[in-house]
Amino acid sequence: MNIPQSNLPRIIIIGGGFGGIALAKKLAKKDVQVVLLDKHNYHNFQPLLYQVSTGGLEPDSIAYPIRKVLQGYPNFYFRLAEVVQIDIENRRIHTNIGPIHYDYLVVATGSETNFFGNKNIEEKAMAMKTIPQSLNLRSLILENFEQALLTDDLHERDALMNFVIVGGGPTGVELAGALAEIKKGILPKDYPDLDTRRAQINLVQGGNRILPAMSEIASQKAEKFLEKLGVNVWKNIRVTDYDGNFITTNTDTTFEAATLVWAAGVKAVSIKGLDAKELLSRGNRLVVNEFNQVLGHNEIFAIGDVAHMETEAFPNGHPMMAQPAIQQGQNLGVNLIRLLENKPMKPFTYKDKGSMATVGRNKAVADLKRFKFQGVFAWFVWMFVHLFFLIGFRNRVVVFINWVYNYIRFDREARLIIRPFKKRYRDSQPT
């Protein structure tokens, strides 16, 4: 990898997500050599991926070059690499560009879509965890409407305009709201020769309420917002299979749709060498102690979605969201320096700042530490928080300008088929 030899302790961070970036910043200008590995050269702001999928933002608005994050940091190195295996015994990492030795290792690989072992759904459905996946979904949505124009079969046309989103968490709710607004404000203008009123947006939730991690009032209000936008909310229904056209469930309810978006769960991205059963908990998460050290390995740490830290307040581990990852990265940065200075480390304590979700224009729900509110004010708070946590001044400005423009014009300028994703009705194999 051409990383220079040094007398400084070498800390390797695998993953440039929220946790990895927070840790890297905390170690800036410290007497350590830091090597950050990621298979992408950018940090991806995942909470706004749904806006890329629905044409509200271009991907460069929510991505930031990792090398730019590390600019000006001494003894910092980034390598575009995919980790293949970890050799714990020899403290060595094997990647697709070669091996590298570590003194301390931090796993911050994040999470990926969890299809719960259903191969048909994994093959036929659309995921939305990465920028390429979001661009594929954007192309597919637009291509379906283009194809709907070309068919005289009303049944086929309805299926092409039928969208099913599985998962009633923030991702599913926000995507459903965005699609509903497109149906209402954009499709009639873009496709005047198509009866877009027949388009359906269905949100399917396996539990008895959407946004189950939020308060009851937030769930109820979000559901009312969605229904007002024309979204069909289906609760207590689990999708069991999908052949690319027909969706079956654990009930008599079925759907015929050319697009199924799977937002029903995530699991940690595991790495060979750290995948022993005794190291993993539910969802492939690595079991860590209060200092984020992996069970039985004091020189290996895990943070963010990949870490399972069981506490009294969070017996199932911390939420797989940005805030726990950021806070764990910051705390670990302090602890690594304390460890090198032979000082006792500080246990991690999660400060829950609340959760929120937007349903559409002037519609959002927010559960903060002391207050719970919904509607226009929650929508403004949601926008401010997301702008604040975006990396890069340019990204904040671009996203803000896009939001203002979209709000005034009720438009989404980025509805472009840049990278075609062909998936024909009755033939679900992408080409």
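Here the rule is side-chain contact (heavy atoms from CB on, under 4.5 Å) with D87, and of H101, H94, K272 only H94 fits it. Each of I121, I165, N114 was compared with W262 under the side-chain contact (heavy atoms from CB on, under 4.5 Å) criterion, and only I121 meets it. Screening F18, Y64, Y50 for a ring pair (Phe, Tyr, Trp, His ring centres under 6.0 Å) involving F45 leaves a single residue, F18.
The backbone N or O of G304 sits less than 3.5 Å from a side-chain atom of Q328, completing a donor-acceptor pair. Side chain of R419 to backbone of N136: no donor-acceptor contact under 3.5 angstrom is found. In this structure, R361 contributes its side chain and Y407 its backbone to a donor-acceptor pair below 3.5 Å. Side-chain N or O atoms of R415 include none that pairs as donor or acceptor with a backbone N or O of I186 at under 3.5 Å. Proximity of a side-chain donor or acceptor of S53 to a complementary backbone N or O of L137 within less than 3.5 Å is not detected. Under a 3.5 Å cut-off, the side chain of N284 and the backbone N or O of S270 do not form any donor-acceptor pair. Judged by distance alone, with hydrogens and angles left aside, the side-chain atoms of T54 form no donor-acceptor pair with the main-chain N or O of L179 at under 3.5 Å.
Counting heavy atoms from C-beta on, the side chains of E156 and Q147 come closer than 4.5 Å. A heavy-atom distance below 4.5 Å is not found between the side chains of F400 and M383. With contacts defined as side-chain heavy-atom distances shorter than 4.5 Å, the pair L416/R138 qualifies. Contact annotation: the side chain of F421 approaches that of M126 to within less than 4.5 Å [non-hydrogen atoms, C-beta and beyond]. E181 places none of its side-chain heavy atoms less than 4.5 Å from the side chain of K184. Proximity of P47 to E174: side-chain heavy atoms (C-beta onward) are nowhere separated by under 4.5 Å. Here the side chains of K235 and N208 are not in contact, with every heavy-atom distance at 4.5 Å or above. Here the side chains of N44 and L49 are in contact, with some heavy-atom distance below 4.5 Å.
Ring-centre distance between W379 and F225: not below the 6.0 Å cut-off. Proximity of the aromatic rings of W234 and F255 is defined here by a centroid distance below 6.0 angstrom, and this criterion is met.
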Between W382 and W403, is a ring-ring contact (aromatic ring centres under 6.0 Å, His included) present by the stated rule, with each step listed? CA-CA 12 Å; W382 178 92; W403 283 349; 5.5 Å; yes
Apply side chain to side chain contact (heavy atoms under 4.5 Å, CB included) to R282 and N316, showing your working. CA-CA 8 Å; R282 183 181 178 184; N316 296 318; 5.5 Å; no
Output, in order, the C-alpha distance, side-chain angles, deciding distance and verdict of side-chain hydrogen bond (donor to acceptor under 3.5 Å, both in side chains) for E146 and Y191. CA-CA 9 Å; E146 296 294 336; Y191 300 93; 3.0 Å; yes
Candidate pair E256 and H155, rule side-chain hydrogen bond (donor to acceptor under 3.5 Å, both in side chains), full reasoning: CA-CA 9 Å; E256 186 171 5; H155 182 73; 2.6 Å; yes
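Contact between K129 and T113 at its shortest, heavy atoms only, is CG-OG1, 3.2 Å. Between G98 and M1 the shortest heavy-atom distance is O-CE, 3.4 Å. Of all heavy-atom pairs between D241 and N118, the closest is OD1-OD1, 4.0 Å. Contact detail for L286 and A302: the closest heavy-atom pair is CD1-CB, 4.0 Å. Nearest heavy-atom pair, L27 versus G333, reported as atom, atom and distance to 0.1 Å: CD2-O, 3.7 Å. Taking all atoms of both residues into account, the shortest heavy-atom contact from M214 to M356 is CE-CA, 3.8 Å.
Other residues, nucleotides and ligands contribute more than 12 heavy atoms inside 6.0 Å of the CZ atom of F314. Shown here is R409, whose CZ atom has no more than 12 heavy atoms of other residues, nucleotides or ligands within 6.0 Å.
By the 4.0 Å N-to-carboxylate-O rule, K189 lies too far from D411 to be salt-bridged with it. A salt bridge links E216 to R209: at least one charged side-chain nitrogen sits closer than 4.0 Å to a carboxylate oxygen. Salt-bridge annotation for R394 and D60: present, with a side-chain N of the basic residue lying under 4.0 Å from a carboxylate O of the acidic one.
Judged purely by distance below 3.5 Å, without hydrogens or angles, the side chains of T259 and N144 pair a donor atom with an acceptor atom. Side-chain contact annotation: D243 with N120, donor-acceptor N/O pair under 3.5 Å absent.
Between atom CD of residue E290 and atom CG of residue N292 there is a gap of 9.5 Å, rounded to the nearest 0.5 Å. If you take CG on L390 and CG on N395, they are separated by 6.0 Å, rounding to the nearest 0.5 Å.
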